[in-house]
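These notes are about the structure you will find just below.
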Amino acid sequence: MTSQILEKTYNPSQFEKEVYEATLDKFYPNANSDKTFTILMPPPNVTGSLHIGHALNYTIQDILVRYYRQKGYDTLWQPGMDHAGIATQMVVSRELEAQDVDVKSLSRDELIKKIWEWKAKSGGRIFEQQKALGCSVPWDYSRFTMDEGFSKAVIEAFVTLYKDGLIFRAKKLVNWDTKFRTAISDLEVVNKEEKGMLWHINYQIEGSDDFITIATTRPETMFGDTAIAVHPEDERYKHLVGKRAKIPYTNRLIEIIADEHADMEKGTGCVKITPAHDYDDFAVGKRHNLEMITVLDENGHMTCDENVPEFVRGLYLKKARKILLEKLKEDGFLVNEEEIVHTVPYGDRSGTVIEPRLTDQWFVDTKPLAKQAIEVVENDEVRFFPEKWKNTYFDWMRNIEPWCISRQIIWGHQIPAWYAPNGEIFVERTEEEAVAEATKKGFTREQLRRETDVLDTWFSSGLWSFATLGWPETNDRLKRYYPTSTLVTGFDIIFFWVSRMMMMGLYFMKQPPFKDIYIHALVRDDKGQKMSKSKGNVIDPLEIKGEFGADALRFSLAFLSVPGRDIKLGKDQIKIARNFITKIWNAARFLQMKGVTFEKKLTDIKLSTKLTHWIVAKLMSFRNEIDQNMVEYRFDYATRNIQFFLRDLFCDFFVEAMKFQDDQETKDVAGAVFAEFLRIANPFMPFVTDHLAKELGVCDTLVLAQGVDEKQIQTSKKYEDEIDKFIELVHAIRAEKQANGLESAKYQQLMDELNSYSTELSSIVRVTN
RNA sequence: GGUCAUAUAGCUCAGCGGUAGAGCACUACGUUGACAUCGUAGGGGUCACAGGUUCGAUCCCUGUUGUGACCACCA
């Protein structure tokens, strides 16, 4: 059964799709095996489209899953998608506005309906892109964080945490996004360093013509001031402590207090205290029992009440600041302006300045949850690869703050809380249960008001490791696949996702959600710059696939995955991988032309020549190296192993030697070794290897192909060493010939030595002509 | 301000307490029964700098400098 000779050029687009579809049914778990290997696919945003970072993330996971699947493990690569609350609502609102829909006039239900429609339309796109990369995923297993079962899990988790006292509602300062009119968590705030102004403003001392000068970057919040603080040891101002000062225009009197928060070196040494609009001031306010006055509304406009003078009421804070400063200057209150550099908080999605704002919000008390999540990493129950990320994780976990989980948006899981008119809160799984509880306290159903806030997206993502497996119901899948094996993700979401999954997994499942955490690098362009649309340096994975093939992209990404180093990816790098794959392709063609049949297994061939012993021994150590490197997540080494074996050993020596030693045994070994090579390389480059396996008549697919048993193969270390020395000699002869020509005495001497090995093999020197 | 990385050939990066490596680029040669998307050979490095430990340091330690990332805070 000699197969047809392959086409002369390697053209991946001709067979990639076909290969993928032919193997789709092999990607499902196989419950017959007693060993499991599970990976949770980090759920991409429903708004997302695939970028090169995803490609890296999926490539690594796919290599792992395919590798363990071949080894006979029962593998589950759990796919799914994330509803991405704020991001999605933002995208859909923007689209609706572009169609002239007045989003603000839509009711909650109408807007939710629109978002679901949009999700149905665009949500599938990313799956298609994942397929194009070769992700070996059981697609029917997909979960969505907003699907019915998952929502049930979210409610269950929330109610349980609440009843266990780990979720609470409180009036606290939170990061307020004035564009989306919602609270966001600390992690969603990005601080940027900027040039700004420090304005020195005079407040008149009560019953005197003297002034106290404060310095501020936020003059518009002065109407919310409830004190002025000076340092207790500041001799300049000691005499003022206890006196009162007048806020310009509103003339409200505030006390001058002594507090160490005031820094003698900064500004004037006097700092206005605005507890409702600044985190530090809030703390000072608590210490001195100060009143908290809010002067900014949810849109970032000045409030319209007696605390704010008429001339700025209702104005957007930046406009209010401008007008106020002009007036302060005019009236002589503004005595100095100083240019400074300071950091300003921005919303990661909205890009607007974040305002600390005093509101009622829901929080997770993370401290107790973090304790165990720290311990399991400390005692190596859960390991980070590379290990250094452990420090990042510890740093954050040890200093963790309560997590604000309520969002004033509509796309998400609505918090299952009902309020009675007196403010009493009923947190229950269903409205019926809430009503039942409320009735006991004498309230009626009509009196209850449902909480409109929804949960932070990461609250639901935090449950991903077990909610995707059917929790809260206990079932076989949950028992079998939890805890999962390896989590593959980027360092940028260690806090957002990894830490939350650890806390939630440990709390609800009593076991950490995964054993290993592999943190991969950031993909940059070939100059080391972050890829971004505005810079125009983005590499589109699908475009690369079209140009070089998905295997070349996968191979490059794995090749460049050196632990602890960012990936600098340029087209050159991918071209190199493509060229290497072409080499594999051509090796296959050569074997075909030589009449190799690929029928015999290695175990069926009795090795009798030095050459065949040697290549088989090399194959076995190659395979062992791959195994070792996979355990250590060294994809960079593994791909180098593949390259070295195929090019330096198989092609450069074995195939060349085969041109002079082409007995049946050599041909059989060539076929068997190449087939095994294809199998080993399959997880890294599934398309071309599967295609070749089929074309050469090795097998239909390598997806579940098991390797030959090493114990049944006998090779001799003696032959291996002998040929290695022989190869060294060949190199020496070639170099000598290049340097001094055929007539040199040294050349003749080396040639004699070479011929003593084997006259057949020594012909290989002719390769250089 | 704190923390963690990182510095090796022109470029991208491996590596190791004992003679410095690969790929790309470069130079020369080559179409020999797969492959010019290739092969053969070659040139090219004070391993950031300064100290220390050691018989011996590119490697371990300390410091300096450069680069990057993260965290915190700044009226």
Side-chain angles (χ1 to χ4, degrees), chain A residues 5-6 8-10 186-187 191 193 196 198-201 214-219 221-222 225 228-229 261-263 265-274 278-281 284 338 340-345 386 388-396 399 491-492 494-495 521-522 524 526-528 530 548 552 559-560 562-570 572-573 575-594 596 634 636-637 640 643-644 647-648 651-652 655-656 658-660 662 730-731 733-739 763-769:
Chain A
I5 304 286
L6 290 162
K8 198 156 180 187
T9 47
Y10 158 63
D186 299 346
L187 288 177
N191 290 305
E193 202 156 86
L198 192 59
W199 289 282
H200 295 220
I201 299 167
I214 58 95
T216 181
T217 54
R218 305 290 315 273
T221 64
M222 67 196 283
D225 290 356
I228 289 171
H261 163 66
D263 187 334
E265 310 294 318
K266 269 183 195 155
T268 59
C270 308
V271 57
K272 70 194 215 35
I273 303 297
T274 325
D278 182 282
Y279 286 100
D280 287 333
D281 293 3
V284 177
E338 197 183 322
I340 55 156
V341 176
H342 62 156
T343 44
V344 181
K388 66 163 180 168
W389 291 111
K390 191 156 104 164
N391 296 322
T392 309
Y393 174 83
F394 283 145
D395 261 9
W396 193 72
N399 300 304
F491 63 85
D492 48 333
I494 291 179
F495 305 145
L522 193 72
R524 298 170 175 279
D526 51 357
K527 292 182 190 70
K530 219 167 170 172
F548 301 99
F559 189 88
L560 295 170
V562 175
R565 210 159 187 143
D566 281 344
I567 291 179
K568 289 182 193 163
L569 185 72
D572 284 352
Q573 199 52 247
K575 209 165 128 188
I576 292 163
R578 196 270 321 270
N579 293 354
F580 172 64
I581 296 170
T582 307
K583 183 92 182 162
I584 302 175
W585 182 270
N586 282 305
R589 285 186 71 229
F590 174 78
L591 297 183
Q592 280 186 315
M593 289 169 174
K594 204 75 187 157
V596 171
R634 292 305 301 259
D636 54 333
Y637 286 175
R640 280 165 176 81
Q643 245 185 16
F644 181 74
R647 190 181 44 206
D648 295 42
C651 289
D652 287 357
V655 164
E656 292 305 332
M658 203 178 159
K659 291 174 181 171
F660 308 102
D662 59 352
V730 170
H731 283 295
I733 291 169
R734 286 171 181 167
E736 179 59 26
K737 185 167 68 178
Q738 199 89 18
S763 313
I764 197 168
V765 172
R766 291 211 325 251
V767 175
T768 51
N769 145 31

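Owing to the predicted nature of the structure, the values given are computational and were not obtained by experimental measurement.
In this entry B:C49 has B:G63 as its Watson-Crick or G-U wobble partner, both defining distances falling under 3.5 Å. In this structure, B:G18 forms a base pair with B:C55, meeting either the Watson-Crick or the G-U wobble geometry with both donor-acceptor distances under 3.5 Å. The partner of B:C24 is B:G10, judged by Watson-Crick or G-U wobble contacts that both fall below 3.5 Å. Of all nucleotides present, only B:C29 satisfies the Watson-Crick or G-U wobble test against B:G39, with each distance under 3.5 Å. B:U3 and B:A69 make up a base pair, with Watson-Crick or G-U wobble contacts both under 3.5 Å.
Across the C1' atoms, B:U3 and B:G15 are found 28 Å apart, a figure rounded to whole Å. Using P as the reference atom, B:G43 and B:C4 are 43 Å apart when rounded to the nearest Å. As rounded to the nearest Å, B:C73 and B:U62 have P atoms that lie 30 Å from one another. Atom name P, nucleotides B:C60 and B:A5: the rounded distance is 12 Å, in whole Å. Here the separation of B:C59 from B:A7, taken at their C1' atoms, is 14 Å to the nearest Å. For B:G39 and B:A22, the P atoms lie 15 Å apart once the distance is rounded to whole Å. Nucleotides B:U54 and B:G42, compared at atom P, are 41 Å apart to the nearest Å. Nucleotides B:U64 and B:G23 are separated by 39 Å at their P atoms, to the nearest Å.
Using a distance-only test at 3.5 Å, with no hydrogens or angles considered, a donor-acceptor pair links the side chain of A:Q592 to the main chain of A:L6. Using a distance-only test at 3.5 Å, with no hydrogens or angles considered, a donor-acceptor pair links the side chain of A:R640 to the main chain of A:F559.
Side-chain proximity of A:A735 to the nucleotides B:C24, B:G42, B:A5 is greatest for B:G42. Distance from the side chain of A:H731 is smallest to B:A41 among B:C71, B:U37, B:A41. Taking every side-chain heavy atom of A:T582 into account, B:U37 is the closest of B:A34, B:G42, B:U37. The listed nucleotides are B:C35, B:A14, B:A41; the one nearest the side chain of A:V562 is B:A14. Taking the side chain of A:V655 as heavy atoms from C-beta on, and the options B:A41, B:U40, B:A34, the nearest nucleotide is B:A34. Listed nucleotides B:C38, B:G23, B:A41 differ in distance to A:Q738; the shortest reach to its side chain belongs to B:A41. Closest contact between the side chain of A:R634 and the listed nucleotides B:C70, B:U37, B:A14 involves B:A14. You'll find that the side chain of A:R524 is closest to B:G68, out of B:G68, B:A5, B:C35.
Between the CZ atom of A:R565 and the C1' atom of B:A14 there is a distance of 9 Å, given to the nearest Å. The distance from atom CZ of A:F580 to atom C1' of B:C24 is 16 Å, rounded to the nearest whole Å. Rounded to whole Å, atom C1' of B:A69 lies 13 Å from atom NZ of A:K568. The nearest whole Å value for the distance from the NE2 atom in A:H342 to the P atom in B:C73 is 15 Å. One can place CD1 of A:I494 at 16 Å from P of B:A69, the figure rounded to the nearest angstrom. Rounded to an integer number of Å, the gap from A:Y637 OH to B:C16 P is 6 Å. We find that CG of A:D395 is positioned 14 Å from P of B:G2, with the value rounded to whole Å. Summarising the geometry, the separation between CD on A:Q643 and P on B:U37 is reported as 18 Å, rounded to the nearest angstrom.
Side-chain contact between A:L560 and A:R565: absent, with no pair of heavy atoms (C-beta onward) separated by less than 4.5 Å. At least one side-chain heavy atom of A:K594 sits under 4.5 Å from a side-chain heavy atom of A:D662. Two residues are said to be in side-chain contact when any heavy atoms from C-beta on lie closer than 4.5 Å; A:L591 and A:M658 meet this criterion.
In this model, the phosphate group of B:C35 is approached by a side-chain N or O of A:K8 to a distance below 4.0 Å at OP1 or OP2. Neither OP1 nor OP2 of B:C71 sits under 4.0 Å from any side-chain N or O of A:N191.
Within 4.0 Å (heavy atoms only), A:D280 reaches sugar-phosphate atoms of the nucleic acid but no base atom. A:K388 comes within 4.0 angstrom of the backbone, heavy atoms only, and of no base. Within 4.0 Å of A:R578, counting heavy atoms only, lies at least one base atom of the nucleic acid. In this structure, A:D652 reaches the sugar-phosphate backbone alone: every heavy-atom distance under 4.0 Å involves primed, P, OP1 or OP2 atoms, never a base. Residue A:V341 is classed as having no contact, given no heavy-atom separation below 4.0 Å to the nucleic acid.
For A:K568, the salt bridge (charged side-chain N to carboxylate O under 4.0 Å, His left out) test picks out no residue, with sequence neighbours left out.
Contact annotation: side chain of A:E736 to base of B:A41, donor-acceptor pair absent below 3.5 Å. A donor N or O paired with an acceptor N or O is not found under 3.5 Å between the base of B:U40 and the side-chain atoms of A:R734. Residue side chain A:K583 reaches the base of B:C35 through a donor-acceptor N/O pair under 3.5 Å, judged by distance alone.
In terms of position on RNA chain B, the residue among A:R647 and A:M593 whose nearest nucleotide sits closer to the 5' end is A:M593. The nearest heavy atom of RNA chain B to A:K266 and to A:A587 marks one nucleotide each, and the one closer to the 5' end goes with A:A587.
Taken to the nearest 0.5 Å, the OG1 atom of A:T268 stands 12.5 Å off from the NZ atom of A:K266.
Using bins of under 30°, 30° to 60° and over 60° for the plane-to-plane angle, the ring pair A:W396/A:F495 lands in the parallel bin.
Shortest non-hydrogen contact noted between A:A229 and A:A262 is O-CB, 3.7 Å.
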